[in-house]
Number of protein chains: 2
Amino acid sequence: MKSLLEVRAKGMPMTDRDGQDADDRFGAALGQVLEVAILINEDMTKGLARDGLTEPRAHLVWELSQRGPSTQRVLADALRVSPRNITGLIDGLVATGFVTREPHPSDRRATLVTFTEQGTRAAAKMAADHREFAELLFAGMSDAQFDGLVAGLDVVLARLRAAVAAAWGDSTTSDEEVERP
Amino acid sequence: MKSLLEVRAKGMPMTDRDGQDADDRFGAALGQVLEVAILINEDMTKGLARDGLTEPRAHLVWELSQRGPSTQRVLADALRVSPRNITGLIDGLVATGFVTREPHPSDRRATLVTFTEQGTRAAAKMAADHREFAELLFAGMSDAQFDGLVAGLDVVLARLRAAVAAAWGDSTTSDEEVERP
DNA sequence: TACACTCGTGAAGGTACTTCACAATGAAGA
DNA sequence: TCTTCATTGTGAAGTACCTTCACGAGTGTA
């Protein structure tokens with residue numbers, strides 16, 4: 001992988017410098033969250049490699065499947081990378097047969113990135129895998145347990161969003177358009 | 001970022017092809033988990049950049065802080081990347097003043113990667129940030145809520161570990177040594 | 001002493017990312 | 001209409017990370 005998440009999956013060795021909170025429940029919980037993130041990412045990445053997709057390309061495929069044929073500019077904004085980088089990713093996806101570049105009907109500068117049949121299949125598989133994966137993780141949990149988990153995640157998520165928003169500009173979900181009055 | 005996690009943070013648009021589980025609670029929960037992972041990763045990465053560290057280099061610094069002066073071979077195994085890659089990462093960390101290469105006292109082939117003072121400070125800051133971050137996410141939650149979250153994460157983590165182990169060799173926590181009888 | 005193995009690195013190559021420069025095009029005002 | 005300004009995508013150049021292969025230097029052992 002690559003993700004920084006991997007950096008500290010296992011609990012901190014507690015320096016207990018100032019002695020507060022010596023059992024470190026919070027650190028352990030953070031460790032859990034990080035490990036979940038690592039494992040999910042690992043699983044996804046390896047699965048994608050089997051289908052001939054790298055992470056950035058898969059991300060692009062996913063966005064494309066949600067938006068339909070798009071200009072590279074739109075994709076760049078969606079993935080929050082430079083337009084130049086999209087050119088390279090599309091080059092790769094074209095070379096491996098997932099998408100094609102079609103002329104934009106009303107703007108001759110732009111191209112419409114469009115799925116091939118293989119691309120459509122890949123996107124559908126990603127969606128199916130997502131469902132299956134959610135099932136694997138949560139199916140069969142008691143309602144109480146599941147609800148407790150979701151409620152906890154809600155709190156964490158809210159705090160996380162607030163923290164990120166406070167530290168840098170907003171863009172809450174990480175794939176929103178940047179809009180500022 | 002980079003992480004594939006980013007691919008599908010928001011819930012799936014339910015094709016309800018076979019109609020089962022039409023409300024998609026599981027998909028939504030997975031979306032939550034993914035978004036948490038994305039935001040944490042984003043936050044960490046940006047914080048590191050401020051300290052002059054990239055993700056892979058920070059990961060190495062973290063491992064080094066947990067193991068003390070180590071050979072590059074050991075670090076390669078710990079990070080699960082090729083020894084050659086470690087050479088490059090260490091080159092970068094040496095150039096930016098975080099570590100030095102000291103001669104190994106008993107093996108003249110090997111070098112002991114060792115923190116400079118700056119490196120020690122960086123590792124300490126990472127540890128402090130980790131604690132602070134856990135505090136930010138979990139402090140002030142009711143015990144019931146916190147316990148519910150942790151219990152849910154436990155279940156998810158167990159399933160995840162099992163799934164990963166089933167799909168590929170084991171190596172549970174992602175930074176274990178590879179050991180096979 | 002000879003053989004096999006280990007440590008770190010040069011060489012070569014791939015992907016993902018960035019910024020800067022630029023030609024083609026589009027859009028809107030004088 | 002003609003000029004001006006903004007936008008689209010890409011070439012060029014450069015960085016970081018990662019891999020495999022080859023190899024010289026050093027270790028350990030029979």
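Proteins get letters first, then strands, A, B, ... in listed order; numbering begins at 1 in each.
- Not a single salt bridge (charged side-chain N to carboxylate O under 4.0 Å, His left out) links A:D147 to another residue, sequence neighbours left out.
- Remark: B:S82 is in phosphate contact with D:dT19, judged by side-chain N or O atoms under 4.0 Å from OP1 or OP2.
- You'll find a donor-acceptor pair under 3.5 Å spanning the side chain of A:R109 and the base of D:dT7, going by distance alone.
- Between A:R73 and C:dT25 there is no side-chain N or O to OP1 or OP2 distance below 4.0 Å.
- Heavy atoms of B:I86 sit nowhere under 4.0 angstrom from any nucleic acid atom.
- Within the 4.0 Å cut-off from OP1 or OP2 of C:dA16, at least one side-chain nitrogen or oxygen of A:T54 is found.
- Using a cutoff of 4.0 Å between basic side-chain nitrogens and carboxylate oxygens, B:R25 and A:D143 are scored as salt-bridged.
- Checking D:dT19, C:dG26, C:dT15 against every side-chain atom of A:D107, the shortest atom distance belongs to C:dG26.
- Contact annotation: side chain of B:R84 to base of C:dG8, donor-acceptor pair absent below 3.5 Å.
- Comment: A:E117 engages A:R121 in a salt bridge, judged by a side-chain N to carboxylate O separation of less than 4.0 angstrom.
- For the OP1/OP2 pair of D:dT8 and a distance below 4.0 Å, the side-chain nitrogens and oxygens of A:R108 include no atom meeting the criterion.
- Of the candidate nucleotides C:dT6, C:dG26, D:dT19, D:dT19 has the atom lying nearest to any side-chain atom of B:V81.
- Distance from the side chain of B:T87 is smallest for C:dT9 among the nucleotides C:dT9, D:dG26, C:dG26.
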**Prompt:** Run the side-chain hydrogen bond (donor to acceptor under 3.5 Å, both in side chains) check on B:E55 and B:T45 step by step: do they pass?
**Reply:** CA-CA 6 Å; B:E55 295 187 22; B:T45 302; 2.6 Å; yes
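- Heavy atoms of B:N85 sit under 4.0 angstrom from at least one base atom.
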